[in-house]
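Read the structure below first, then the notes.
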Amino acid sequence: MGQPCEPVATPAPGVPVRGRADVRWRWVANIRRLVLALFVLGQTFLATALILRVLPYHGGTWAEAGLTTLFAVLYAWVAVGFWTAVFGFAIRLIGGDRWSLARRHPEAELVATPLASTAVVMPIYHEPVQRTLRGLRAIYRDLERTGHLQHFEFYILSDSRDPEVWLEEQAAWQSLCEELNADGRLFYRRRTVNLNYKSGNVADFLRRWGRRCRYTVVLDADSLMGGDTLVRMVRLMELEPRVGILQTNPGVVRGCSLFARIQQFANRLYSPLFSAGLAAVQMGDAAFWGHNAILRTSAFMDYCGLRKLPGVGLFRGPILSHDFVEAAWMGRAGYEVWLEPSLSASFEESPPSLGDELSRDRRWAKGNLQHLWVMLTTPGLRFAHRMAFFNGIMGYLASPLWLLFLVFTTVEAAQLALMPIDYFPGDQPGLYPLWPEWRPGLAITLALTTLTMLFAPKVLAWLDALIHRRARQFGGVGRSLLSVILETLVSVMLAPIKMLAHSGYVLGALLNLSLSWAGQNRTEETGWREALVTQATGMLVGLAWSAFAWYLDPLFFFWSLPVAVPLILAAPTAVGLSRVWAGQWLRRAGLLRTPEETHPPQLLLDTADEQSLLPRLGQLSRFEEAVLLPEVNAMHCSLARSHPGRLRQETLQGLARRCLAEGPGALSRSELSHLCRDSDTLAWLHHAAWRSDPDTWWGRKLSAAVTG
C-alpha cells in the first residue's frame, strides 16, 4: 500500500467539560422538543377523538378498538414529520437557526483557524471501480483547489472478495496516484478477513492508523464532498472541542433513471425543510448517518466501539446499522453530535431503481430493528438518542402497522356488510343498546386533515423555494410545480408497494432470516422478468383485496383503489421507473431539475470526466492482466505478501500449476484470490505464462494481448 507520512501528535481526548454554551443550547433544545411534543400529542388526541366519533360503534368492538389504537400511533408518526417540516419552514423563513453550530463563529474567525491532520476514508465493497474512484478523484481535485491538501490523507478501504474486482481496484488506485501525483497521500488497503461489514472495516482502519490524524471524514462509495466543505468542517471541529461528530445533510445527485431523478428532485426540494427542522430539534443530540460526516478520531476510538448484541435471534451478533449507535455512544461519553444543514457541497447518489432501493431497505430494516435492544437495555443514553432509535425503528415498523390498519378496516367493513347489526357489542351486554352511527362528514374531515399532513410539507417546500428565489434552480415556477405534482403521484404509487415490501422485511427480521450483503447496483435497469418475480406477491394481494372489496360493497371497493391499483401495477411501475431514457426525457423537458443540474459545481463537473482510470487492454480479464502484463504484475506483487511455510507453498504451487495448465477457469474465485495474495506465486505464474507454448491456453492469451 505504501508507507504513510509521519503521524501528527494529537492531544488526549478526555471527556469534554460542559460549558455555558452547552447548557444554553440544551435548554433551548428541551423547549423546542416540548413544543413539538405538545403539537404532535395534542393533534393526535383530537384526531383520535374524531375517529371514535366516525366509527359506527365508537370503538366499542374489538375491531374498532384495534383500528383506533393503530390510527393513533400512525397519526402521531405522520404528525412528527409534518411539524418537523413546519419548524424547518419557519426557521428558514427567519433566516436560519441562530443556535446552529455554524453560526456560533464569524467567518473571519473560521478562516483564521489552523487546520489539523484529517483522514478521508472510503470503505468499498464490490462497487463499480471506475465510477467510484472518479468520484474520489473529484474530491481530491476540489480539495487541492483550496490550497489545503497537505492537511488531508485519503484511504480506500476495500472489503471486496472477488479477485476481478479487487485487482481492478488496486490497478485503478495506482493509476489514480500517478495521475494526481498522490503517492504518500492516497492509500489503498484491502482486508482479507471481512468482519462486521462497513463498521468493521472502519474500525480496523482506526486500530491500525487512527492515531495518525485528529479527524476522520467517512465517505460512502457514492459520496462527494467539496474541498471548501471539508476545510470548514475541520475548522468547526477545531473551534468546538465538545463536538464528537459533525454530520452534513447530503444532497442526491447524478441520477439518470426516472426513479433516481424523482428521488433526487424530492431530496433537493424537500430536504432543506426537514433537515432544518430536524437540526433545530435535535441540536447537539443529532444522529449520525454513517457517511459525509467528520469524526473526532480519538473520541470515536475511545467510546464508539461496537460490541456484538448478546440477545437471541435478531438481537444477537454484530450491529448491522452502526451509525445511530455510534452517535448515541458519543453522546453518552459527553460529546455533542450536530447536524449542520448549512454545510453545502455534500452529495450522495440514489439507487437507480425501486428494486435496488428495496434491497437496501431490507438490510436497513433488520439493522434498525436491532436498535430496539440497544434502546431498551443500554444505560446512560440521552433521551434524544433513544428517540432517534425509535424514529429509525418506526421508519420500517410503520409499514406493517399500516397493513394491520388496512386489515382492521377490511374486517370492520366485512362485519358491517355480512353480519347483522350488534346492538350490544362486547362480552357483557348492557341495559341499553348501542346504536351504530355513520358520520360521512366527519370521516371526510378526518381524511382531509391526514392528507394535509402528508402533502403540506411538499407545498411548503415549493413555497420555500419561491421565497428564497430558488425556483429557477428547479426549472422555474411552473415546471417546479409540475415536478412536485409528478413526484407526488409517483410517491402515491410507490407507497403501497413499499408498505407491503417493508412489512415482509420486518417479518423476516423478526424471524432472523439471513441476509446476503452484496455491492449496490448504481446504474443497471430493471428487466420485466425480475420485476414480475419480485412484485408477484404484491400484485396478487392487490387483486385479491380489490375483488373482496367489490364483493363486500362497491363503495368500499372504490375506497380500496388507492392501495390496490399501485400493487396491481407494481411490476410495470418498477420497470418504467428504472428506465434511463424516461428520466433523461423529463430532464430535457425541464422537469425534475435540481440546482446541481441547472448550475453544476466544479466538483460534479469533475465526476463527469469519463476518461477511464484503467483502460482494459485487449480482451483480458483483470486476473489475466495481473498475470501477463509486466507492469501490472509487478504492481500486484508489490501489494501482495510472501507466505512462508512448506505446506502453504505446496498448496499455492499446486493451484498455480493447475492455473497454468488449464487456465483460471479451472479455479474457484477463492483459489484465484489465494494466488493473487501471494507475491512469489503471482510472480512465478507471470514468468511461466510468458514461457508457455503458443498453442497453450496462456500462449493464446499472450498472443491476443500482444496483438491487441
Side-chain angles (χ1 to χ4, degrees), residues 10-11 13 16 19 21-22 25-26 29 96-97 99-105 107 109-111 113-122 139 143 146 148 151-152 202 206 210 213-220 223-251 271 275-276 278-304 322-348 382 384-385 388:
T10 58
D22 179 48
W25 76 253
R26 290 195 184 278
D97 187 0
W99 291 94
S100 69
L101 192 69
R103 298 186 68 174
R104 292 183 184 178
H105 306 282
E107 190 64 27
E109 183 183 12
L110 277 172
V111 172
T113 302
L115 297 177
S117 56
T118 303
V120 180
V121 302
M122 177 181 280
I139 298 173
L143 188 58
T146 68
H148 299 292
H151 298 285
F152 294 83
V202 174
L206 292 176
C213 296
R214 188 175 301 176
Y215 304 110
T216 301
V217 175
V218 183
L219 305 176
D220 264 357
S223 293
L224 290 170
M225 295 191 73
D228 289 332
T229 300
L230 290 170
V231 169
R232 191 175 187 87
M233 291 167 69
V234 173
R235 285 173 168 160
L236 283 172
M237 295 292 282
E238 284 287 278
L239 292 170
E240 296 289 340
R242 294 181 301 277
V243 177
I245 301 176
L246 177 57
Q247 174 71 63
T248 67
N249 179 43
S271 73
S275 61
L278 192 63
V281 173
Q282 291 180 334
M283 300 192 77
D285 294 323
F288 170 43
W289 297 332
H291 59 92
N292 292 51
I294 187 169
L295 319 173
R296 191 171 300 275
T297 308
S298 57
F300 193 85
M301 292 173 63
D302 288 344
Y303 302 114
C304 295
H322 56 91
D323 34 24
F324 276 29
V325 180
E326 290 160 345
W329 274 204
M330 191 70 81
R332 184 177 61 172
Y335 285 89
E336 300 171 8
V337 181
W338 285 84
L339 166 64
E340 186 46 68
S342 68
L343 291 169
S344 59
S346 176
F347 306 111
E348 61 178 338
R382 297 195 58 79
H385 286 134

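Looking at Asn292 and Ser223, their side chains do bring a donor and an acceptor atom within 3.5 Å of each other. Residues Glu240 and Trp338 have side chains that never bring a donor and an acceptor to within less than 3.5 angstrom of each other. With hydrogens and angles left out, the side-chain atoms of Thr229 and Ser346 include no donor and acceptor closer than 3.5 Å.
Listed here is the closest heavy atom pair of Leu101 and Glu340: N-OE1, 3.3 Å. Across all their heavy atoms, Ile245 and Ala293 have their closest contact at CG2-CB, 4.5 Å. Contact detail for Trp289 and Ala287: the closest heavy-atom pair is NE1-CB, 4.0 Å. Among all heavy-atom pairs drawn from Trp25 and Arg104, the shortest one is CD1-NH2, 3.4 Å. Here the shortest heavy-atom pairing between Gly244 and Met237 reads O-CE, 3.8 Å. The minimum heavy-atom distance between Val243 and Arg296, with the atom names listed, is O-NE, 2.8 Å.
The only option from Glu107, Glu109, Arg103 that meets the side-chain hydrogen bond (donor to acceptor under 3.5 Å, both in side chains) definition with His105 turns out to be Glu109.
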Contacts under 3.5 angstrom, residues 324-333 side chains, donor-acceptor by atom type, not counting sequence neighbours:
residue : atom : partner : partner atom : Å
Glu326  : OE1  : His322  : ND1          : 3.0
Glu326  : OE2  : His322  : ND1          : 3.3
Trp329  : NE1  : Gly305  : O            : 3.3

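The closest side-chain heavy-atom distance from Leu230 to Ile139 is below 4.5 Å. The shortest side-chain heavy-atom distance between Leu206 and Thr297 falls under the 4.5 Å cut-off. Annotation: side chain of Leu339 is not in contact with side chain of Phe288 (no heavy-atom distance under 4.5 Å). No side-chain heavy atom of Gln247 sits less than 4.5 Å from a side-chain heavy atom of Val337. Within the 4.5 Å cutoff, the side chain of Ile294 has heavy atoms near those of the Val234 side chain. At a threshold of 4.5 Å between non-hydrogen side-chain atoms, the residues Cys213 and Phe152 do not count as touching. Two residues are said to be in side-chain contact when any heavy atoms from C-beta on lie closer than 4.5 Å; Arg26 and Asp285 meet this criterion. Between Leu219 and Met225, some side-chain heavy-atom pair lies under the 4.5 Å cut-off.
Rounding to the nearest 0.5 Å gives a distance of 12.5 Å between CG of Leu115 and CE of Met233.
With hydrogens and angles ignored, the 3.5 Å screen pairs no side-chain donor or acceptor of Thr248 with any backbone N or O of Leu246. Listed for the Arg242 side chain is no donor-acceptor partner under 3.5 Å among the backbone atoms of Tyr335.
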Candidate pair Leu343 and Arg232, rule side chain to side chain contact (heavy atoms under 4.5 Å, CB included), full reasoning: CA-CA 8 Å; Leu343 291 169; Arg232 191 175 187 87; 3.8 Å; yes
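Salt bridge present: Arg214 and Glu238 bring a charged side-chain N and a carboxylate O closer than 4.0 Å.
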